[in-house]
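Here the structure comes first, spelled out in structure tokens, and everything after it is commentary.
What you see below is based on every heavy atom in this structure, not just the backbone, and it leaves out hydrogens, waters and symmetry mates. Counting starts at 1 for both ligands and their atoms, in listed order.
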Amino acid sequence: MNRLARLDHLYVWHPFTQMRDWLRQEPIVIVSGRGPYLRDVHGREYLDANASIWTNLHGHNHPGLNAALIRQLRKIAHSSALGLANEPASLLAAELVRATRSSADRTRPPTQRLCKVFYSDDGSTALEVALKLAFEFTRRTRGPRSKPRFLTLQGAYHGDTLGAVALGHIPLFHQTWRPLLFKTDAVMAPYCYRCPFNRAHPERADARLYRQCQWECIDAVARRLETQRRRRGEPYAAFVFEPLIQGAAGMIPQPQGWLRRVAELLRASGALLIADEVMTGFGRTGLPPGPPPRPASAPLFACQHEQVSPDLLCLAKGLTGGYLPLAATLTTREIFDAFLGRYEEFKTFFHGHSYTANQLGCATALENLRLLRTRASFQARQRLEQALAETLPALWDLPQVGDIRQVGLVVGIELVRDWTTREPFDLREQAGIRVCRALARRGVLTRPIGNVIVLMPPYCITPRQVRQIVESLILACEETFGTHPPVRHRRRSSKHPAPPSRQR
Ligand SMILES: *Cc1c(COP(=O)(O)O)cnc(C)c1O
């Protein structure tokens, strides 16, 4: 075994990983990357089909991001935001406020538009900040007898720190920690493929498109809000949601119009809206339907697709283009003002991290936003969205494919034992894990969510490489479930990847 792999086995404990299984085989040790490719210690190259857990946007080793990072590094790497301002943090905050503006803001009073940025380190901490701000804002505006309570969606995932875990509703991840947590409520999420109210028989198409229902999921939200008011005498403090698509829940997309209507219900009830765009932000959800906008003003956030303007917006993963851990929680003047007062009133927001507003992260994030505004990036995103839409239907030929869900540049493919009944695989069979292992042997890396295969490559990937991913996935499924002979991964250069047909 390679020395680095051996050291990993000796000393490293990996996240979300059964380490007993991990220790049974030599891990892939990444030493470099370029564009959509990752390269391991043995010189093998892999397509990064999940953008390094949903973070990378423009590809690895990007000249523009590298240069921005090095320019900043020559000045300073970090100085504290506790008591000091800094150059890239100031510039980035202004750009974030500008980028998150939405046409829906016009329907809100000026004090309820996003205009302040609180920095932290990752998605979980961005959510912690939003939670604490919403909690304290609610008590300050409703009075000390208020008991702020949060509403989230079934299958919600908002991070792994305890506040974020309290918002989560994935039993496998969250159940263990319940005794440590405050209570939150979950309401029905629109999971059309497995919705008990969807009377449509399974078809070879995205379940959102052929569903037969009466929006019972929205009625469920209305009933939930009514119950909260009746039982507890006050509305929810806030509704926390992933707009357009729930990620870790299994790439569960919302049918068009769901978010806008639910957001209106929540607003009318008196709750704040906390949008978790940790995964969906920075162009991931593609372009909204309608005439294409100018590249420099194309919407980059999922909330903008449904004309929702939240009171708190959480950003992380793609914020630095996948380079560095940095997060931001944006909020309104109304919430900001609730923390103003004479010093001795102690209304200060007592929260912060050592690396808050880190200069290297902020400088890289600024360049990321600049790149996203270019015509080249806009066209790359359009090209990728279209390549996925054209390539994915080939997967319907596989009997184990139950649902294919694409939202912009994000794809979830749900594997099932029997597509005609939607009968799922038992998690213990590790169908998703086995398919992804077979994919890795073909030079494509991604991580499943249970039985859902995730595809969300960096924006720089070419249509040809997208086809390569999908063809590899077909072969990986055939190998896993059928009689197809296994293949060995071949060494090749990123400039001249072997056509997938040669790898059969
Ligand atoms: C990944 C993720 C988080 C947590 O972010 P970390 O950076 O892993 O802490 C929160 N919300 C959503 C929607 C995510 O996808």
Side-chain angles (χ1 to χ4, degrees), residues 14-17 50-57 100 118-132 134 150 152-170 172-174 177 181 184 186 189 191 238-254 259 273-285 300-303 305 308 310 312-330 351 353 355-356 358 361 364-365 368 405 407-412 446-450 452 454-456:
H14 287 263
F16 282 97
T17 301
N50 77 343
S52 295
I53 207 74
W54 321 347
T55 59
N56 193 287
L57 303 185
T100 53
F118 195 100
Y119 289 113
S120 63
D121 309 327
D122 50 50
S124 306
T125 53
L127 265 295
E128 299 288 337
V129 168
L131 259 180
K132 281 183 165 181
F150 293 87
T152 66
L153 290 172
Q154 282 168 6
Y157 174 84
H158 297 290
D160 291 324
T161 53
L162 287 178
V165 169
L167 297 172
H169 291 278
I170 301 178
L172 186 64
F173 299 168
H174 300 138
W177 319 112
L181 309 173
T184 63
Y191 184 2
F239 175 51
V240 188
F241 59 98
E242 292 175 74
L244 290 191
I245 178 165
Q246 289 180 279
M251 297 302 162
I252 314 286
Q254 297 148 11
L259 180 60
L273 298 180
I274 302 180
D276 177 351
E277 294 228 28
V278 170
M279 178 188 87
T280 55
F282 303 101
R284 252 311 153 194
T285 55
L300 294 174
F301 298 93
C303 282
H305 288 222
V308 169
L312 293 137
L313 174 66
C314 302
L315 305 174
K317 289 196 172 93
L319 174 55
T320 59
Y323 265 52
L324 288 161
L326 179 73
T329 306
L330 278 76
H351 181 106
H353 304 280
Y355 282 97
T356 293
N358 170 260
T364 313
N368 170 39
R405 309 189 272 263
V407 175
L409 319 180
V410 185
V411 179
T446 186
R447 239 181 117 80
I449 304 168
V452 176
V454 175
L455 301 181
M456 52 190 297

Check: Just which atoms of ligand 1 are under 4.0 Å from any heavy atom in W54?
Finding: 15 (O)
Next item on the list: Mind listing the closest non-hydrogen atom pair of K317 and V278 along with its distance?
Entry: CB-O, 3.2 Å
Margin query: Distance under 4.0 Å to a non-hydrogen atom of M279: what atoms of ligand 1 satisfy this?
Written below: 15 (O)
Item checked: Winner among P325, A249, A164, G159 once heavy atoms are compared against atom 4 (C) of ligand 1 -> G159
Checklist line | Donor on one side chain, acceptor on other, E128 and T125, under 3.5 Å | finding: no
Item checked: Proximity of D122 to ligand 1 by residue part, where a heavy atom lies under 4.0 Å -> both
Item checked: Closest protein heavy atom to atom 5 (O) of ligand 1, given as residue, atom name and distance to 0.1 Å -> G123 CA, 3.1 Å
Check: Hey, is ligand 1 close enough to E242 that some N/O pair sits below 3.5 Å?
Finding: no
Check: Which of the atoms in ligand 1, numbered in the order shown and given with their element, are less than 4.0 Å from a heavy-atom of D276?
Finding: 10 (C), 11 (N), 12 (C), 13 (C)
Check: What are the atoms of ligand 1, with element, lying closer than 4.0 Å to any heavy atom of Y157?
Finding: 2 (C), 3 (C), 11 (N), 12 (C), 13 (C)
Note to self: Classify the ring geometry of Y157 against F16: parallel below 30°, tilted from 30° to 60°, perpendicular beyond 60°.
What the structure shows: perpendicular
Margin query: If we count only N and O atoms by modelled type, under 3.5 Å, do the side chains of H169 and T184 hold a donor and an acceptor together?
Written below: yes
Item checked: Under 4.0 Å to a heavy atom of K317 - the qualifying atoms of ligand 1, by number -> 1 (C), 2 (C), 3 (C), 14 (C), 15 (O)
Margin query: Between F301 and F282, is the side chain to side chain contact (heavy atoms under 4.5 Å, CB included) condition met? List the steps.
Written below: CA-CA 6 Å; F301 298 93; F282 303 101; 3.8 Å; yes
Next item on the list: May I ask you to list the atoms of ligand 1 that are less than 4.0 angstrom from any heavy atom of H158?
Entry: 10 (C), 11 (N)
Item checked: Sub-4.0 Å protein heavy atom near atom 8 (O) of ligand 1 -> no
Next item on the list: Could you tell me which atoms of ligand 1, counted from 1 in the order shown, lie closer than 4.0 angstrom to a heavy atom of S124?
Entry: 4 (C), 5 (O), 6 (P), 9 (O)
Next item on the list: With heavy atoms only and a cut-off of under 4.0 Å, state how A316 meets ligand 1: side chain, backbone, both or neither.
Entry: neither
